[in-house]
Amino acid sequence: MTQFDESDAFEGASLSARAMSARPAPYLDGLNPAQLQAVQTVDGPVLMLAGAGTGKTRALTARIAHLMAQGKARPNEILAVTFTNKAAREMRDRVGAMMGEVAEGMPWLGTFHSVCVKLLRRHAELVGRTVPDPLLEGGSRELFLKSNFTILDTDDQNRLLRQLIVAADMDEKKWPPRMLAGIIDHWKNRAWTPDKIPAAEAQAFDGQGVALYRQYQDRLLTLNAVDFGDLLMHVIGIFQTHDDILQKYRNWFRYILVDEYQDTNVAQYLWLRLLAGGHRNICCVGDDDQSIYGWRGAEVGNILRFEKDFEGAEIIRLEQNYRSTPHILAAASAVIAGNKGRLGKTLWTEAEEGEKVRLIGHWDGDEEARWIGEEAESLQRGTRGLDPKSLDDMAILVRASHQMRAFEDRFLTIGLPYRVIGGPRFYERLEIRDAMAYFRVVVSPDDDLAFERIVNTPKRGLGDKAQQTIQVMARSNGISLLEGAKLCVATKTIGGKGGAALKELCDGFDRWRAELLDGRDHIRLAEEILDESGYTTFWQNEKTPEAPGRLENLKELVKALEGFENLQGFLEHVSLIMDNEQSQDEPMVTLMTLHGAKGLEFPVVFLPGWEDGLFPSQRSMDESGVKGLEEERRLAYVGITRAEEICTISFAANRRVYGQWQSALPSRFIDELPEAHVEVLTPPGLYGGGFGAIGMAAAQHAAMSGGVTSNLQEQAAKADVYNSPGWRRLQSNATRPLRQPSEARNLTIDATAVSAFTEGDRVFHTKFGYGEVIAIEGDKLDVEFDKAGSKKIVGRFLLPAEQAGDVPF
DNA sequence: CGAACCGTGCTTTTT
DNA sequence: GCACGGTTCG
């Protein structure tokens with residue numbers, strides 16, 4: 001076991017006071033009285049209740065600067081935690097701007113996870129268990145985590161859990177690994193170790209949850225691995241069982257700052273309380289109205305009862321908003337007012353009037369996307385007497401990521417540049433994870449999960465049977481899969497073609513490992529691994545449309561290695577740093593989820609898809625009732641408050657869901673918008689065109705699409721979520737025949753070469769199928785399609801029908 | 001063993 | 001509508 005050793009415990013400890021006092025930075029300049037108070041109330045617990053756009057980050061970083069300038073703490077004695085790497089980076093940059101290079105000396109500024117990794121690497125050996133050893137009959141052995149542990153991602157986690165579920169003779173279809181992962185995560189968010197699961201929860205997962213959880217933790221120890229939840233939980237465990245260590249850190253971190261406190265879960269809360277327990281110099285910043293992570297264990301309660309937890313806490317409200325126009329602020333405030341149990345803030349602004357929040361209804365989702373695309377273009381050109389806006393200043397914020405597709409399709413068609421934030425992240429992509437698995441086996445030959453992943457990727461003729469043979473060989477000899485594989489080759493247990501391929505793979509790993517130990521340049525080594533293993537070739541031979549992109553990504557991965565000293569260092573960082581920075585060569589519209597938009601701001605914001613069931617999400621309401629609805633409402637609040645100047649909310653009456661047309665009513669949040677601050681753009685006649693009229697139009701709409709169903713009435717009776725305005729009860733989720741809007745309507749599609757067409761032409765479009773040109777206007781064709789969306793989207797060309805034969809589909 | 005075909009279930013949100 | 005897992009066939 002390692003002992004706590006102060007001499008090497010803290011990087012940057014030698015940073016001198018000189019660096020700090022060198023600059024009398026004007027970090028207090030321009031702060032308003034509330035912000036000043038938040039910065040200068042230095043000792044004891046402080047809760048900064050900061051509304052949206054009130055300069056919270058500014059105050060927080062000024063506070064850090066102040067602590068250092070006043071000599072209250074050296075940079076490395078300040079613990080500043082955020083939730084995202086981005087927020088951490090921003091904070092570091094800002095401190096840097098105020099205090100110069102001092103920010104570099106802040107090793108404890110980071111996300112909860114990254115700080116915990118640091119702590120855990122120091123004290124990993126203190127995490128251990130006595131586990132039964134299958135090789136010693138009835139015997140057991142002690143296992144400890146080692147400081148070079150690996151951090152599992154979701155995929156590894158699921159694979160591990162699947163093994164355990166299968167081993168427990170459970171039906172993995174009825175009891176999917178993802179579900180178990182969710183349950184375990186839920187427990188870890190509460191810092192519950194297997195021994196501490198409350199009886200009421202123990203029934204989870206067919207009564208096997210706790211047993212599987214225990215086995216899972218044992219397996220993790222054997223693999224010398226942790227998952228995300230472990231990072232916090234292990235550290236808490238160490239603090240709770242080793243008072244000397246806790247005391248050292250309590251003394252070391254003289255000031256603690258926490259961003260987005262409303263997002264902390266129980267484990268994070270316990271962790272903070274343990275660390276702040278001595279001096280109580282803790283400053284938490286948050287906004288209860290922006291708590292949108294309840295589903296991943298965040299407890300709004302943490303912020304609501306801060307005063308009780310830290311007696312004598314100073315509560316400072318930041319209420320002057322610097323971001324949005326009064327109309328936007330008023331709309332957001334009115335919506336959030338619908339929630340109960342808020343701490344309550346009254347945001348105000350000195351900004352000029354500006355435009356009202358705009359509301360528009362559309363017939364279907366495609367039309368919504370089309371309208372937003374055109375609106376973005378006209379804003380870019382300059383419209384309604386407004387200055388032209390850059391596409392960089394525009395964002396489309398959706399509730400769920402699948403909503404993005406409609407916009408991507410449309411923007412590709414019209415050639416509007418866009419960027420998607422928060423899609424599948426770089427390091428979560430298939431090819432990247434495969435490549436990393438190779439690296440992992442080279443760096444730690446015992447990494448069975450990684451080996452399993454790539455043993456037959458690319459295909460080497462090693463199917464289930466061969467893999468099983470390797471498993472058995474490894475397990476019965478108590479060795480890793482790689483060693484097991486070598487043994488299989490040596491003993492000819494696996495022969496033939498597969499055996500030869502396996503031998504080549506094993507030899508490869510031996511060779512790469514030798515080179516690694518030899519200290520060979522890691523970038524070269526990485527390239528070599530990917531080439532010699534056949535992985536690069538595999539993608540080169542693949543003729544699917546995404547293959548070139550994947551090769552590109554692999555190149556980028558190798559490039560990313562340049563920033564690290566060696567492969568180990570790279571692998572360590574990767575599991576935590578998951579942002580993919582996009583190149584910013586040309587202005588682009590940003591497309592992201594509402595969750596992803598938190599903390600950001602844009603002059604122009606579009607909020608599409610405000611329909612009941614989509615937003616607020618049906619699932620959220622079904623699972624968490626009023627609590628869920630309130631979280632959705634906070635999400636609406638977050639969305640509106642992202643906008644600086646122009647905020648446009650929209651909804652569609654019809655939308656394709658799972659390839660089926662479904663109709664929906666305007667979101668109940670639309671009813672909560674204050675009329676005085678909203679301009680309704682919807683053409684009169686279509687949806688009523690007025691505020692009170694939305695309800696009427698919705699009723700008409702419901703009547704048109706089949707009226708009340710018994711299914712809905714049952715639901716309505718069940719939960720008071722449904723008991724808001726009476727007409728809303730008309731909503732139905734039941735399947736019923738719907739008109740298929742795109743079939744019946746004329747679609748206006750941009751043509752690549754309009755001159756090739758004349759009216760009456762039969763045309764073929766790879767998305768919409770066959771149709772007929774009924775009008776030509778400027779550079780646009782008006783086409784009536786026979787049938788909507790019947791073929792796969794391969795390209796996006798509109799061609800005269802006689803050429804259509806050349807289009808692959 | 002692997003390619004091709006068929007059927008099922010799913011979409012909130014993420015460190 | 002699509003991805004994924006399972007089954008079938010060569």
Side-chain angles (χ1 to χ4, degrees), chain A residues 81-88 110-117 151-154 157-158 162 172-174 176-178 181-182 185 188-189 226-232 259-260 263-265 267-268 291-298 397-406 409 421-425 427-428 430 456 458-467 494 496-498 501 546 575-579 592-598 609 613-624 628 631-632 634-636 638-639 655-662 767 788-793:
Chain A
V81 278
T82 64
F83 277 81
T84 61
N85 289 304
K86 215 170 105 207
T111 62
F112 274 99
H113 286 100
S114 68
V115 168
C116 281
V117 169
I151 303 166
L152 296 194
D153 57 33
T154 327
Q157 204 183 347
N158 283 336
R162 171 153 356 111
E172 73 171 288
K173 266 194 160 161
K174 223 171 136 196
R178 284 178 53 177
D185 197 50
K188 287 185 175 176
N189 283 339
V226 300
D227 64 18
F228 270 111
D230 281 337
L231 291 173
L232 266 148
D259 196 11
E260 308 281 15
D263 288 339
T264 50
N265 60 34
Q268 285 154 337
S291 163
I292 54 175
Y293 284 109
W295 51 272
R296 72 170 192 214
L397 310 181
V398 297
R399 174 64 184 85
S401 43
H402 66 83
Q403 288 172 262
M404 292 183 188
R405 191 180 307 149
D409 277 357
I421 309 270
R425 269 176 282 230
Y427 291 114
E428 281 173 6
L430 179 87
N456 199 30
K459 302 260 186 289
R460 300 192 166 82
L462 297 164
D464 286 349
K465 216 169 147 221
Q467 291 189 38
I494 298 176
K497 243 169 130 186
E546 62 266 23
S575 39
L576 290 170
I577 306 163
M578 309 222 291
D579 313 322
M592 61 165 92
T593 64
L594 286 162
H595 284 88
K598 192 157 130 193
L614 183 57
F615 187 43
S617 133
Q618 193 61 47
R619 183 152 170 182
S620 173
M621 293 187 292
D622 288 347
E623 278 172 12
S624 319
E631 183 153 314
E632 296 288 306
R634 290 193 289 268
L635 211 42
V638 168
R655 206 176 276 284
R656 263 191 129 108
V657 184
Y658 306 142
Q660 286 247 302
W661 284 101
Q662 296 219 314
K767 178 169 183 189
S790 57
K791 283 288 169 207
K792 287 207 166 189
I793 309 167

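To find a chain, count down the sequence lines: A is the first, B the second, and so on, and within it residues start at 1. All values below come from the heavy atoms of this structure, side chains included, with hydrogens, waters and symmetry mates left out.
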Under-4.0 Å side-chain N/O to phosphate OP1/OP2 contact, [X] with [N]:
{"X": "A:Thr593", "N": "B:dT14", "answer": "yes"}
{"X": "A:Arg634", "N": "B:dT13", "answer": "no"}
{"X": "A:Ser617", "N": "B:dT13", "answer": "no"}

Report the distance from atom [atom1] of [X] to atom [atom2] of [N], rounded to the nearest whole Å.
{"X": "A:Lys86", "N": "B:dT15", "atom1": "NZ", "atom2": "C1'", "value": "14 Å"}
{"X": "A:Trp295", "N": "B:dT14", "atom1": "CH2", "atom2": "P", "value": "6 Å"}
{"X": "A:Gln618", "N": "B:dC10", "atom1": "CD", "atom2": "P", "value": "16 Å"}
{"X": "A:Phe83", "N": "B:dT13", "atom1": "CZ", "atom2": "P", "value": "19 Å"}
{"X": "A:Glu260", "N": "B:dT14", "atom1": "CD", "atom2": "P", "value": "15 Å"}
{"X": "A:His402", "N": "C:dG1", "atom1": "NE2", "atom2": "P", "value": "15 Å"}
{"X": "A:Gln403", "N": "C:dC2", "atom1": "CD", "atom2": "P", "value": "17 Å"}
{"X": "A:Asn265", "N": "B:dT14", "atom1": "CG", "atom2": "C1'", "value": "12 Å"}

Does the plane of the ring in A:His595 sit parallel, tilted or perpendicular to the ring in A:Tyr293? Use 30° and 60° as the thresholds.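 Taking A:Tyr293 first and then A:His595, their aromatic rings sit tilted (interplane angle of 30° to 60°).
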
Does the structure show A:Phe112 stacking with B:dT15, if we require the centres to be closer than 5.5 Å and the planes to be within less than 30 degrees of parallel?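 A:Phe112 vs B:dT15: stacking no.
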
Whether A:Phe228 stacks on the six-membered ring of B:dT15 base, 5.5 Å and 30° limits: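 Yes, A:Phe228 stacks on the base of B:dT15.
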
Tell me whether A:Glu260 contacts the main-chain N or O of A:Phe83 through its side chain, where contact means a donor paired with an acceptor under 3.5 Å. no

Ignoring hydrogens and angles, tell me if any N or O in the side chain of A:Glu631 forms a donor-acceptor pair with the backbone of A:Gly628 under 3.5 Å.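 No; judged by distance alone, with no hydrogens or angles, the pair does not exist.
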
If I compare all heavy atoms of A:Val81 with all of A:Val115, which pair ends up nearest, and what's the gap? CG1-CG2, 4.0 Å

Does a side-chain heavy-atom distance below 4.5 Å link A:Asp227 with A:Lys188? yes

Counting heavy atoms from C-beta on, name the nucleotide in C:dC2, B:dT15, B:dT13 closest to the side chain of A:Arg405.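 The answer is C:dC2, which lies nearest to the side chain.
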
Side chain of A:Arg178: nearest nucleotide among B:dT11, B:dT15, B:dT14? B:dT11

Could you measure between the two C1' atoms, the one in B:dT13 and the one in C:dC4, and give it in whole Å? 22 Å

